[in-house]
Amino acid sequence: MTVNIAVLVSGRGSNLQAIIDNVENGRIKGAKINVVISSKAEAYALERARKHGINAVFLDPKRYDKSEYDREIIKLLDSHDTDLVLLAGYFRILGSEIIKTYRNRILNIHPSLLPAFKGLHAQRQAFEYGAKVAGCTVHFVDEGLDSGPIVLQKCVPVHQDDTEETLIARILEQEHIIYPEAVRLFVEGKLKIQDRAVIVRD
Ligand code: GRF
């Protein structure tokens, strides 16, 4: 059986690209990206999707109020028989209705070692805090901010001569490794949520 994936984006889409590449090269088997939905018209992620023959949809937040917008997303997800929702640089907070409908089937990538540095500009937060290690986290999405059960994490060092930009780049490189890996584990049915912990059986 194929796992149908939908990806929500708002920008550049480099994580989307990493997932696409891993589906195409067969590291993620038994999955198909059915639709990419963007909250921004100019998101480069939409172009990436189109280049790979994936249905790319811009859903304009200005046309709906918040809960209507989320309902439109649910309609799109349902009409694409979605099994797994990936947030990949999606700049909006997901409404509770989506989270309820797709409970334990939504993943997000966050550029910090959660629970440290939740929210926006996580890499800058780590940098300005003077952290010696930083990193990224793939987690299930629940109603809280960057608070759902953690699937995978990866550390990177923070060097003395780093700038915010060099740190962002070092973390991003790891995002592109652990996000496809987490998707593979989900698709192969190897993740089990037990309270706050995700048990990985690979
Ligand atoms: C990444 O740093 C991701 O961790 C964060 O937003 C950024 C999206 O980058 N959630 P991209 O659009 O995947 O290139």
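One-based numbering, in listed order, for ligands and for the atoms of each. Reckoned from all heavy atoms, side chains included, excluding hydrogens, waters and symmetry mates.
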Legend entry - Asn34 side-chain N/O to His80 backbone N/O, donor-acceptor pair under 3.5 Å: yes
Inset, instruction - Considering only NZ, NE, NH1 and NH2 on the basic side and carboxylate oxygens on the acidic side, decide whether Glu42 and Lys40 come within less than 4.0 Å. - result: no
Under a 3.5 Å threshold, I'd like every N/O contact between ligand 1 and protein atoms, with atom names and distance.
unit_1   : atom_1 : unit_2 : atom_2 : d
ligand 1 : 2 (O)  : Glu175 : OE1    : 3.2
ligand 1 : 2 (O)  : Glu175 : OE2    : 3.2
ligand 1 : 4 (O)  : Glu175 : OE1    : 2.7
ligand 1 : 4 (O)  : Glu175 : OE2    : 3.4
ligand 1 : 9 (O)  : Arg12  : NH2    : 3.0
ligand 1 : 10 (N) : Ile109 : O      : 3.1
ligand 1 : 12 (O) : Gly13  : N      : 2.8
ligand 1 : 13 (O) : Ser14  : N      : 3.3
ligand 1 : 13 (O) : Asn15  : N      : 2.9
ligand 1 : 13 (O) : Asn15  : ND2    : 3.0
ligand 1 : 14 (O) : Arg12  : NE     : 2.5
ligand 1 : 14 (O) : Arg12  : NH2    : 3.0
ligand 1 : 14 (O) : Ser14  : N      : 2.8
ligand 1 : 14 (O) : Ser14  : OG     : 2.5

Inset, instruction - Answer yes if the side chains of Thr82 and Asn4 hold a donor-acceptor pair under 3.5 Å, and no otherwise. - result: no
Inset, instruction - Decide whether Thr137 and Gln153 meet the rule of one side-chain donor and one side-chain acceptor closer than 3.5 Å. - result: yes
Inset, instruction - Supply the atom-to-atom distance Leu172 CG to His176 NE2, rounded to the nearest 0.5 angstrom. - result: 3.5 Å
Inset, instruction - Could you label the plane-to-plane angle of the His110 and His139 rings as parallel, tilted or perpendicular, counting under 30° as parallel and over 60° as perpendicular? - result: perpendicular
